[in-house]
Amino acid sequence: MIQSPPQKYIPKEIEEKIQKFWKENKIFKKSIEQRKGCKPYVFLEGPPTANGLPHPGHVLTRVMKDLVLRYQTMNGHYIERKAGWDTHGLPVEIEVEKQLGLEDKQAIERYGVTKFNEACKKSTLKYERAWVDMTRRIAFWLDMDDPYITFKNEYIESVWWSLKQAWKNKLLYKGHKVVPYCPRCGTVLSAHEVAQGYKIVEEPSIFVKFKLKNEDSYFLAWTTTPWTLISNVALAVHPDETYIKIRYKGQTLILAEARVAALLKGQEYELLDGFSGKELGKIEYDPLFTYAKPDKKAWYVVCADFVTMEDGTGIVHIAPAFGEDDYNIGREYDLPVVQLVKLDGTFPDEVTLWKGQFVKDADPSIIEHLEERGLLEGTRDYTHEYPFCWRCDSPLLYYAMESWFIAMSKVQDSLIKNNNQIYWYPEHLQQGRFGDFIREVKDWALSRDRYWGTPLPIWICDNKECNYTICVGSVQELGDLSESSPAEYDLHKPFVDELVIKCPKCKSKMTREKEVIDCWYDSGSSFFAQWHYPFENKEKFKENFPVDFITEALDQTRGWFYSLLAISTFLFDKNPYKTVLTLGLVLDKDNQKMSKSKKNYVDPTIILDHEGADALRWYLISANAPWMSTRFYEEAVKDTLGRFILTFWNSYNFFTTYASLDKFDPEKDMIPVSKRGFLDKWVLSRFNRLIGEIHTFIETFEIHKAARAIERFIIDDFSNWYLRRSRKRLWVEERTEDKLSGYSSMYDIFLGLSKLLAPFIPFITEETYQNLRTDKMPESIHLCDYLTPDEKAIDDMLEKGMGQIRELVEVGRALRSKIGIKIRYPLSDATIVCSKEIENSIKDLLGLLKEELNVKTISFARDTSQFMTKSVKPIYSHLGPKYKEKAKGIIDALELLDKQEIYEELTKNNEVKITVDNETIKLTDEDFEIVENEKEHVARADAEDATLFLNTILTPELEAEGFVREIIRRIQSMRKELDLDVEDRISAEINVGSEKKTALQKWEDYIKGETRSKTVSFVEKPAGKLVKKWKIDELDAEIGISK
RNA sequence: GGGCUCGUAGCUUAGGUUGGUUGGAGCACCCGGCUGAUAACCGGGAGGUCGAGAGUUCAAAUCUCUCCGAGCCCA
């Protein structure tokens, strides 16, 4: 039996109740299990990094994941939803460093790596709990009892296996990576740390001459870091730019044509020759310094696209050890990496002139030295941004560090091919941000000189002669190599480094490369490592690869979306996911990024407490397209709650209140649709059309459009029209077929809406469903099938007709407002002038119009003539010039005549004769314009395809009836004031003066019925529990009521 | 500095591919109505340099370019 729900919607109470119900009845588990054997829809959870509390952006991601998965589940797919946690990496280490008060890596080593990593693990578990709570709270159904966790031995073993595949395919190699480095702290800084420390500085920049080998000409290069000249190995030009050879101040210089004008402004020089950058390639020059003894060919010109014509000379000095561009071009040309700077930032002994000096401090001396040798063409102060250490304020050096790489550049074609197999939402990312990234793919710098991470499984023989290198791909392999393999193991530092491993070649001791790997590699391995593939679950992996769907925020494009594709490409040469939905970021009220320091950060739990998870979900889903950024603030969610959630709840409340009063039983009392009225058929038609739209929208991830369409249906069609128009039939006391038809349709719609909305707002829909369901239905809404539209229920003609009616109501009400006759006062009749076709489409729905406009009868006409009169209006601007001084008399005479008669005479005789000062004047149709007016007591309103005429005569009878409604309305408001129940009966005493009394008495029964009064009496001095004086227009009235 | 995305009423937004009547809603505001209809409903009103400028065109919110602002990514 349908129960009347609690009147007030308190989200927290309802949501807690529903959570309990789900938990006790294991609904989540059942929702998955009941689809076993169905077509799978494979989802892969992007593991959140467990190093901070979840913020609104994370909530959006999780809501979107949940919505899609619930939708697909209800549509009959089997979906496993394994949770995952990303637990390694620098963010976790930094968090723990803060907690333990450790300032740098030395401090960590002193503290002990075992203890430190233990603390990291503990920290991730603490945050995992916060994430689990949030995930539950917003009802993201995810299997968090059996998650994949990146720090688990099994996970690491799978990652090792994948690295071994890379190793076997010669994709894993050791090289250099140029990184920002603080020589004082002795540490590499992350990009994030560097970004904090940029300052604007003014430094000398210098123009340096490099003498061509065997020719008395010089390349003119420009640099802001003279200290790197010691390690110079090449000069770079742009292949497509033009370079010129000039004679200037008695010397021969080569530089870019595009730079000459800016550099030698107003100075004389002689143009000797010109070349393209390409032609300069390979030309050799004499080294500036000879401290370096390179092991490869050096000191020649190379071509590089990064050379710009904005600064300098168009010739760039290259020192691969101290610049990323330099390093990359060095790899391309196989240049030596000359690194004549020690890790403490000073020059080594072989740089005899400046040994032991800090490189930046040596700059002036180097400049002086070049000047003396005649190799300096000039200096110029240069203002630019330069990074400093955020900790100690020392200038950072870019420095080539040894690092392990995965040669992604070797599989670039596969990356591009595999990316083209993916469906991207929004589409532009595929060839845009993501495609660009792949087209310029760099080798993946994999190693990190840190502690808490997957150890790099590479061991090198200590015997330099042997130098044998092994990449370990499994625990088994590691055990076989080590002398003592304990039963208990932990594939982290320092455990793996403490194993004694002997070189299979020369039996010397082997040492592991000390680094751990980039944690993006961990999470990017999840598609196989979550199954501990290939050591276990080979079949399972096969079934779940590639995955059907992933979704994360935009910042993951070059993060997780890339690392998945990268790893999948070199392991399996396949795209790892078929569809990726990229979500926009969540910003604050003013479109600013949320950050704790700005204090513009909204704690989702506050909103969950106040407005509830459903309102929060609905806001995030409906506010904007998934890929657009969304502003997030409590007011917005509150607005959603009021506009949508409460409208839904209140209309549900209305239905159940009456349905329970009437003991409506859906198993016995349902009226077949065919027997229901037009209003019912209309709302079911609208609803079925809606269902179809929802499928289309969700499948193309236009989820906001789906939400908005449902919202419009509920607010406009269902609540504000269907329910409003249905109220009257529910008030009758008997169980009429009409009333039961209404209940039947409302029942259908609420049950349907519960299903339709279940993936969007899972709590409130469960609440409504539990009240509506019969024993034959599944025990939870989330075990139901999603709806498919019933095409037979969609009736275009009916919807069109209802559209017409609603438009006529609209213009009719506006008209009533204009003519100043309140809706309360009935009018005797209205006429609709329209085509036969429209008449047919609306003739069954006229009852609605009658009630809305409060008219007694409505009829149809084909044209407007019977309501309009034609008459004329003299054209004064025409009469004036034509009749000059007589015009005044003519106008006066016309004023006295009936314009309608003039029109009739004019149409009959083509002229009108009038007499002015005894003179007869003939006026023709040229002198008049024809105007149309409504006849007396007729009001007109135009709709798009129909015109409405109202008879505005208020007869005494109509007036009295209106007056009765004035009285009834006041009694009703007094009932409300006394807070009476709908069924309560009252007695009413009324004084309206003798004149109105007579009119009212005829309506006594009507008043009784409408106001649920046992007695209505007309007395001089009304008494009762509540007595009020009213002014109705000009009339004084007094009413008293008692229960 | 480069790339991508975005910018429409006080707020949230539709429309933009395919240029074409007066740029459409909702919230808030003002006036009126209706009400056993809820944090409501109905009618009307006010509110817009469609971020700015230029161009293409008979015609630009829509196409192109430049600039400004926001966000993300990269340097």
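Numbers restart at 1 for each chain; the letters A, B, ... are given by sequence-line order, proteins then strands.
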- Message: Only Watson-Crick and G-U wobble pairs, only distances under 3.5 Å, only runs of 3 or more: what stems does that leave for RNA chain B?
- Response: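 Expected stems, ordered by start: B:1-7 with B:68-74, B:10-13 with B:24-27, B:29-33 with B:41-45, B:51-55 with B:63-67.
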Give a yes/no answer on whether the side chain of [X] brings an N or O atom under 4.0 Å of OP1 or OP2 in [N].
X       : N      : value
R558(A) : C72(B) : no
N720(A) : A40(B) : no
N624(A) : U13(B) : yes

Considering only atom [atom1], compute the distance from [N] to [M] and round it to an integer number of Å.
N      : M      : atom1 : result
C11(B) : G1(B)  : P     : 29 Å
C50(B) : G16(B) : C1'   : 11 Å
G15(B) : C63(B) : C1'   : 16 Å
A9(B)  : G26(B) : C1'   : 12 Å
G43(B) : A25(B) : P     : 11 Å
C30(B) : C73(B) : P     : 43 Å
G20(B) : A61(B) : P     : 10 Å
C27(B) : U66(B) : P     : 41 Å

Please report the distance, rounded to the nearest Å, between [atom1] in [X] and [atom2] in [N].
X       : N      : atom1 : atom2 : result
I821(A) : G43(B) : CD1   : C1'   : 15 Å
E611(A) : A39(B) : CD    : C1'   : 12 Å
R439(A) : G3(B)  : CZ    : C1'   : 12 Å
I714(A) : G26(B) : CD1   : P     : 17 Å
F654(A) : C41(B) : CZ    : P     : 15 Å
L641(A) : U38(B) : CG    : P     : 17 Å
E966(A) : G33(B) : CD    : C1'   : 11 Å
L581(A) : U5(B)  : CG    : C1'   : 15 Å

Looking only at side-chain atoms of [X], point me to the closest of [options].
X       : options                : result
N650(A) : C34(B), U38(B), C72(B) : U38(B)
R824(A) : U13(B), C34(B), C72(B) : C34(B)
L585(A) : G3(B), C72(B), G26(B)  : C72(B)
A814(A) : G43(B), U35(B), G3(B)  : G43(B)
H428(A) : C42(B), C4(B), G26(B)  : C4(B)
K705(A) : G3(B), G15(B), U38(B)  : G15(B)
R433(A) : G26(B), U5(B), C72(B)  : C72(B)

- Item | Whichever of L554(A) and Y658(A) has its nearest RNA chain B nucleotide further upstream toward 5' |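 By nearest-heavy-atom nucleotide position, the 5'-most residue is Y658(A).
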Note to self: Please compare I823(A) and A625(A) by the position of their nearest nucleotide in RNA chain B and report the one closer to 5'.
What the structure shows: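 The 5'-side residue here is A625(A).
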Q. Should the ring pair F632(A) and Y619(A) be called parallel, tilted or perpendicular, given that the plane angle runs from 0 to 90° and is split at 30 and 60?
A.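 Answer is tilted, since the angle falls between 30° and 60°.
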Worksheet entry | Between F434(A) and F561(A), ring centroids under 6.0 Å | no
**Asked** Are W618(A) and F760(A) close enough that their ring centers fall under 6.0 Å?
**Response**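 Judged by ring-centre distance (under 6.0 Å), W618(A) and F760(A) do meet the cut-off.
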Ignoring hydrogens and angles, state whether a donor on the side chain of [X] or [Y] is under 3.5 Å from an acceptor on the partner side chain.
X       : Y       : result
D717(A) : Y722(A) : no
R439(A) : Q431(A) : yes
Y652(A) : N771(A) : yes
D443(A) : S409(A) : yes
S726(A) : R729(A) : yes
W444(A) : D518(A) : yes
T582(A) : W424(A) : no

Answer with base, sugar-phosphate or nothing: what part of the nucleic acid does [X] contact at a heavy-atom distance below 4.0 Å?
X        : result
A553(A)  : nothing
E810(A)  : sugar-phosphate
Y633(A)  : sugar-phosphate
R1012(A) : nothing
R806(A)  : nothing
R712(A)  : nothing
S973(A)  : nothing

